[in-house]
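Here's the structure we're looking at; comments come further down.
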Amino acid sequence: MSPRSARSTAGLRHRLAERGIDRGLLMLLPAVAFTVALFIYPFLYGIGLTVQPTAGMQEKWGGGIWANYIAFFSDPFVFDSVWITLRLALPAALFNVLAAIPVAFKLRGKFRGKRLLTTLLVLPITLGTVLTAQGLLIFAGRQGWLNTFLVQIGVLNEPAQFVNNYLGVFLSLVISGFPFSFLLISSYLSGIDPSLEAAATTLGASWFQRFRRIILPLLAPGLATTFILTFVLAFSVFPSARLVGDPTGSTRVMALMAYRSFGEQIDYPMASTIAIMMGVVELIVIAIVMLWRTTLYRGSTGGKG
């Protein structure tokens, strides 16, 4: 390369650097292309489908291109699935977070058997929702081990309905969601300096005061993140609601409604509308959680998660 071309290349690199452009940014191009191909384009395509209602949908609900949205809000069978899904996802996410906090606290220290106990707690991650649902049917079904045992010892006169209802899906969400909550909260707790608690102890602070004034504010970002991820996981529940729930009743979640429109009615625009509304509901809940997080703690996160 001649000295002139070398100086020209160096000058171009310098001018680009002044504008915040570096050749290293080219490494982001594959990630950007991947995001556009697998997320942005399908998302925009789905939005486009929502304003292309079928002729039957327009004739039944009117509204022109907004017929799908009018049908979503006007049809109780479809719209009620929003509250049904929230009734499952919110309690399941809240339970997983609250149950994971004391367990993560207990496992902060070093003791014999900690690795084995941690492994057992996160083992359900490897099962998957379908295998978890199958296990619940075998264990807690009307002919399952649990009912058989309770009837034999005289606790029940006849098998109880533990699955194929709200309880069955809730248990499935807890089994599959708790390991994620536990791992995330443990990660955040590990980043909180123990010397802060020790200093508060020397000043006479009780356990509750240390938790309320020190641990909880520092843990708030982690709790918010954990709740959001667990909620999104539970809100999109599909296999559990179909296998161990009541698909046409108490567990008629939005994912099932979208599948019904897509796979049974062959109404892709309506299925896309339900999917978009799922995202809207999730974003509303996430915004509320983040607002709670900012009111409780405005600093940076104290953990590693």
Side-chain angles (χ1 to χ4, degrees), residues 16 19-86 88-90 93 128-129 173 177 180 224-242 247 252-291 293-294:
L16 292 175
R19 293 172 172 82
I21 302 175
D22 187 86
R23 285 191 300 180
L25 293 176
L26 295 177
M27 298 179 65
L28 294 176
L29 289 179
V32 172
F34 183 84
T35 302
V36 170
L38 296 184
F39 177 74
I40 295 179
Y41 172 74
F43 179 73
L44 295 177
Y45 182 78
I47 292 179
L49 282 178
T50 65
V51 293
Q52 302 176 41
T54 62
M57 188 67 69
Q58 294 186 62
E59 181 180 352
K60 181 177 181 180
W61 299 101
I65 63 173
W66 308 110
N68 286 322
Y69 291 99
I70 295 175
F72 178 85
F73 288 102
S74 302
D75 188 348
F77 188 78
V78 177
F79 184 71
D80 288 350
S81 65
V82 176
W83 311 117
I84 292 174
T85 311
L86 287 174
L88 273 168
L90 287 175
T129 54
L173 293 177
F180 290 100
T225 302
T226 302
F227 180 87
I228 288 171
L229 293 177
T230 309
F231 168 77
V232 171
L233 179 67
F235 192 84
S236 58
V237 59
F238 176 80
S240 299
R242 191 170 182 86
R252 192 177 71 251
V253 295
M254 296 184 72
L256 283 175
M257 290 293 96
Y259 171 78
R260 181 171 174 267
S261 296
F262 177 84
E264 297 178 7
Q265 300 175 347
I266 319 299
D267 189 347
Y268 300 156
M270 188 60 193
S272 297
T273 302
I274 297 174
I276 293 297
M277 294 310 300
M278 286 181 66
V280 171
V281 174
E282 288 176 332
L283 289 175
I284 292 174
V285 174
I286 290 172
I288 294 174
V289 174
M290 295 307 296
L291 179 62
R293 187 265 192 200
T294 56

### Query
Going by heavy atoms in the side chains, are F235 and L86 under 4.5 Å from each other?
yes
### Query
Taking C-beta and beyond as the side chain, do F227 and I286 meet within less than 4.5 Å on heavy atoms?
no
#### Entry: Those residues that, when tested against Y259, pass ring-ring contact (aromatic ring centres under 6.0 Å, His included) (two or more places apart)
F238
What distance do [X] atom [atom1] and [Y] atom [atom2] have between them, rounded to the nearest 0.5 Å?
X    : Y    : atom1 : atom2 : answer
F180 : L233 : CZ    : CG    : 6.0 Å
I70  : K60  : CD1   : NZ    : 13.0 Å
M257 : F77  : CE    : CZ    : 4.0 Å

May I ask you to decide if [Y]'s main-chain N or O and [X]'s side chain share a donor-acceptor pair within less than 3.5 Å?
X    : Y    : value
R252 : D80  : no
S261 : A258 : no
Q58  : A67  : no
T129 : P239 : no

### Query
What do you reckon, is CZ of F39 surrounded by more than 12 foreign heavy atoms closer than 6.0 Å?
no
### Message
Looking at W66, I want to see if its CH2 is surrounded by more than 12 non-hydrogen atoms of other residues, nucleotides or ligands under 6.0 Å.
### Response
no
### Task
Output all residues satisfying side-chain hydrogen bond (donor to acceptor under 3.5 Å, both in side chains) with S81, sequence neighbours left out; order by chain, then residue number.
none
Can you give each donor-acceptor pair under 3.5 Å made by side-chain atoms of residues 262-279, sequence neighbours left out, with the distance rounded to 0.1 Å?
unit_1: D267; atom_1: OD1; unit_2: M270; atom_2: N; d: 3.3
unit_1: S272; atom_1: OG; unit_2: Y268; atom_2: O; d: 3.1
unit_1: T273; atom_1: OG1; unit_2: P269; atom_2: O; d: 2.9

